[in-house]
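Have a look at the structure below, then the notes.
Fair warning: this is a prediction, and the values are worked out from it, not measured in the lab. Each chain gets a letter, A, B and so on, in the order its sequence line appears, and its residues count up from 1.
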Amino acid sequence: MTTTFVGMPPFPSAARTALADTQLRTNLAHATGTIRAKRTAVVAEIDDWEELRLAGAAIKDNALMHLGSHLVRLETALAERGATVHWARDAAEACAVVSTVARSHGVDEVVKVKSMATAEIGLNEALAAQGIAAWETDLAELIVQLGDDLPSHILVPAIHRNRAEIRDIFASAMGEVGRAAPDDLTDDPSRLAEAARLHLREKFLRARVAVSGANFAVAETGTLVVVESEGNGRMCLTLPQVLVSVVGIEKVVPTWSDLDVFLQLLPRSSTGERMNPYTSTWTGVTPGDGPQEVHVVLLDNGRTRALADTVGRQALRCIRCSACLNVCPVYERTGGHAYGSVYPGPIGAILNPLLTGVGVDEQTDSLPYASTLCGACFDACPVRIDIPSVLVDLRAQVIDAHRSAPGHRHVPNAEALAMRAVSWVLSSGARLGLAERGTGLLGRASTLLGQRTSPGVAVRWPGCLALGRRGRMRATCPLRRPSRSGAGGGAPPAAAPRQVGRERSFGHPGSHRGSAVIGRPVAGACPTVVPVLA
Amino acid sequence: MRVALMVTCINDALFPDVGKAVVTLLRRLGVHVDFPEAQTCCGQPFVNTGYLDEAVPVVRSFVSAFDDYDYVVTPSGSCAGSVRHQHALVAGRSGDAGLATAVAGIAPRVLELSEFLVGVVGVTDVGASFPHTVTYHPTCHSLRMLRIGDLPLLLLRQVRGIRLVELADAESCCGFGGTFAVKNPDVSVAMGADKARHVTESGAEVLVAGDSSCLMQIGGMLSRQRAGVRTMHLAEVLASTSGAAHPVDSVASR
């Protein structure tokens with residue numbers, strides 16, 4: 001596969017292309033709608049789901065706070081059980097470890113368990129450059145690889161494809177890289193699965209080296225964990241003699257009892273299942289059983305950078321469930337390719353800038369703005385990552401990076417100038433009043449413009465048409481002068497707060513408790529409810 | 001009890017009838033409400049676009065306009081959410097401990113209209129009459145920042161003559177998102193189009209919501225489609241009585 005995300009345009013431009021694809025829109029709406037309904041149903045079965053979320057967030061925060069000691073403990077435990085531990089600062093170092101291991105065994109192919117970390121570092125492309133073919137064995141990854149395509153979802157990389165498209169990809173591409181699909185292949189799911197099973201089986205039985213990631217790494221015993229649905233992962237993890245696992249350093253959990261929480265949170269949030277069909281755990285080398293040479297590559301690649309970000313570090317709690325993608329109204333319409341990364345959707349919109357930094361390239365800087373801040377992602381996140389707050393913080397980082405950039409210090413762009421001007425107007429009621437009077441003419445002109453512009457122009461911001469209905473509370477309000485003699489008077493109520501739900505603490509990572517409550521008035525201060533017309 | 005109306009910049013500039021409806025409604029309920037003329041904007045447009053420095057003087061302006069009041073009532077879940085969840089962030093940026101203290105003190109007293117009516121005034125039947133078929137869109141920030149739940153529906157269900165119908169996929173975003181609509185117009189329109197379709201399919205003649213910005217987005221769609229569904233703010237429906245029905249073409253639709 002030669003396709004990569006390098007050189008993708010900024011989000012608004014890529015999104016425009018995606019939105020024009022009607023087949024994509026249909027496929028996405030169907031797929032995300034189905035998985036959303038499944039998730040909602042299985043989460044509703046758990047009475048203490050909120051407590052589980054809080055526990056998941058707390059365990060990850062604690063693990064990240066003492067990341068160094070947990071990683072050293074993990075390394076020690078792995079080494080004691082016969083694994084070789086490698087530390088990789090970036091993608092190049094991690095890819096070099098894998099290709100060195102593969103070449104030391106003289107192979108020209110490896111089989112792969114579905115892994116976000118290896119996609120992040122571009123391992124397949126790096127191995128291809130060394131003459132080593134990396135075969136994806138996860139069904140959806142296989143579809144993407146055979147179609148010379150890019151993944152568009154964390155969990156279901158081929159979510160943008162429907163059955164008919166998958167049938168065509170299998171029929172045309174399988175034969176070029178292995179066992180061909182049967183001539184009479186249809187788009188029936190069981191026939192497609194059978195074709196994939198037969199195609200992959202010969203690769204499993206032939207491969208001598210396998211590559212995986214890990215969902216979790218348990219520090220106390222040095223155990224790696226992979227959860228999956230298909231069993232292809234377990235084939236890779238047990239059949240070949242050599243296993244190399246590339247694991248992000250944030251995957252570490254201190255103990256098995258910590259793992260318990262995530263094995264409840266992850267399947268329900270990702271596939272909408274109570275439990276995933278296959279959970280594989282392995283601890284170094286087990287003599288006479290499974291791979292006899294085990295390597296673990298502990299990958300940084302920007303994670304320590306994200307950890308240093310006091311607001312954004314909560315993104316490292318992510319367990320790659322993809323619930324935020326499935327509930328995101330933006331993702332549902334654009335799909336994953338528009339985000340220009342293996343990490344699309346709301347988590348990608350924060351994770352990519354956190355891993356690579358902002359103010360460097362336009363594509364990354366566009367990602368924090370690829371959200372309406374509707375908050376659906378936070379509600380769905382099993383580890384309570386406050387994605388909207390991180391997005392807002394990253395937007396400030398983007399603007400600040402441009403403020404301090406050499407070329408921009410003296411020549412701010414139009415948006416920055418407008419923001420400064422509007423800020424000056426909105427910092428004073430008197431200035432706003434003058435501005436509103438001054439823009440009366442503009443409003444009338446906008447009305448004419450709105451009525452005469454073709455939909456293609458005006459519809460770009462539908463609300464702008466409403467300018468024609470402008471008017472001013474300030475000029476028309478029956479209460480021109482603020483009165484200081486309010487009915488009842490006295491101090492604000494202090495007793496019997498009523499809170500309808502837990503508020504989201506905006507901009508305060510680590511805290512989830514809202515501060516605003518609705519108070520009931522103290523006795524005597526309650527305004528009489530009399531239906532008297534004003 | 002001193003109560004101020006925070007009308008919001010968007011209502012002040014584009015939909016002043018919404019502010020007038022709040023005043024009419026609160027007076028009818030015996031609540032004296034002031035309109036501090038020094039008020040401008042909550043500052044959310046700056047914060048959500050990344051211009052924190054520019055938000056600082058706007059938040060200062062907000063504090064000086066409203067600090068003296070026991071309650072600040074606003075016909076916007078989004079602006080109330082901004083005050084309660086973002087002003088601390090802006091104050092922190094300013095490095096001004098006095099401003100941080102002030103925003104921490106005022107934030108809990110800023111309530112969205114339905115929070116104030118149900119939680120403070122203690123009323124769900126506001127004596128309104130609105131004999132029309134209505135569907136309700138719960139706006140994202142009222143739902144997922146303020147967590148007001150079904151408070152607006154508690155109020156709407158008591159309105160005389162109203163017929164409430166279900167809105168499919170009600171809790172999904174309309175696609176406005178402030179500057180999102182400017183920076184990502186294509187996605188914004190795609191989301192708004194789906195929302196407008198659900199509104200049309202609901203069979204309602206009026207779409208009601210608690211935020212004029214969202215109504216502007218959806219209303220812009222509906223009016224361009226000549227869909228025959230108008231949009232009204234929650235305050236305008238609640239202000240309507242059998243003797244003084246609110247003008248039906250008031251908000252964001254033409």
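Side chains of B:Ser188 and B:Gln217: a donor on one and an acceptor on the other come within 3.5 Å. For the residue pair B:Gln225 / B:Ser223, no side-chain donor-acceptor distance below 3.5 Å is found, with atom types taken as modelled.
For A:Val398, no part lies under 4.5 angstrom from a heavy atom of chain B. In this structure, chain B has a heavy atom under 4.5 Å from the backbone of A:Ser428, while its side chain stays farther away. The parts of A:Val422 that come within reach of chain B are both its backbone and its side chain, each placing non-hydrogen atoms under 4.5 angstrom from that chain. Contacts of A:Glu415 with chain B are made by both backbone and side-chain atoms, with heavy-atom separations under 4.5 Å. Within the 4.5 angstrom heavy-atom criterion, atoms from both the backbone and the side chain of A:Leu426 approach chain B. Only the side chain of A:Asp400 comes within contact range of chain B, with heavy atoms under 4.5 Å apart. Contacts of B:Thr49 with chain A are made by both backbone and side-chain atoms, with heavy-atom separations under 4.5 Å. With a threshold of 4.5 angstrom between heavy atoms, A:Ala416 approaches chain B through its backbone and through its side chain. Only the backbone of A:Ser371 has a heavy atom closer than 4.5 Å to any heavy atom of chain B.
A salt bridge links B:Asp53 to A:Arg403: one of the charged nitrogens lies within less than 4.0 Å of a carboxylate oxygen. Between A:Asp365 and A:Arg395 there is no salt bridge, since none of the side-chain N atoms of the basic residue sits less than 4.0 Å from a carboxylate O of the acidic one.
For A:Phe11 and A:Tyr369, the distance between ring centers is not under 6.0 angstrom.
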Please assess B:Phe116 against B:Val121 for the test side-chain contact (heavy atoms from CB on, under 4.5 Å), listing each intermediate value before the final yes or no. CA-CA 6 Å; B:Phe116 182 75; B:Val121 182; 3.5 Å; yes

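The shortest non-hydrogen separation linking B:Val83 to B:His87 is O-CB, 3.4 Å.
Ranked by non-hydrogen atom pairs under 4.5 Å with chain B, the options A:Arg25, A:Glu332, A:Gln397 are led by A:Arg25.
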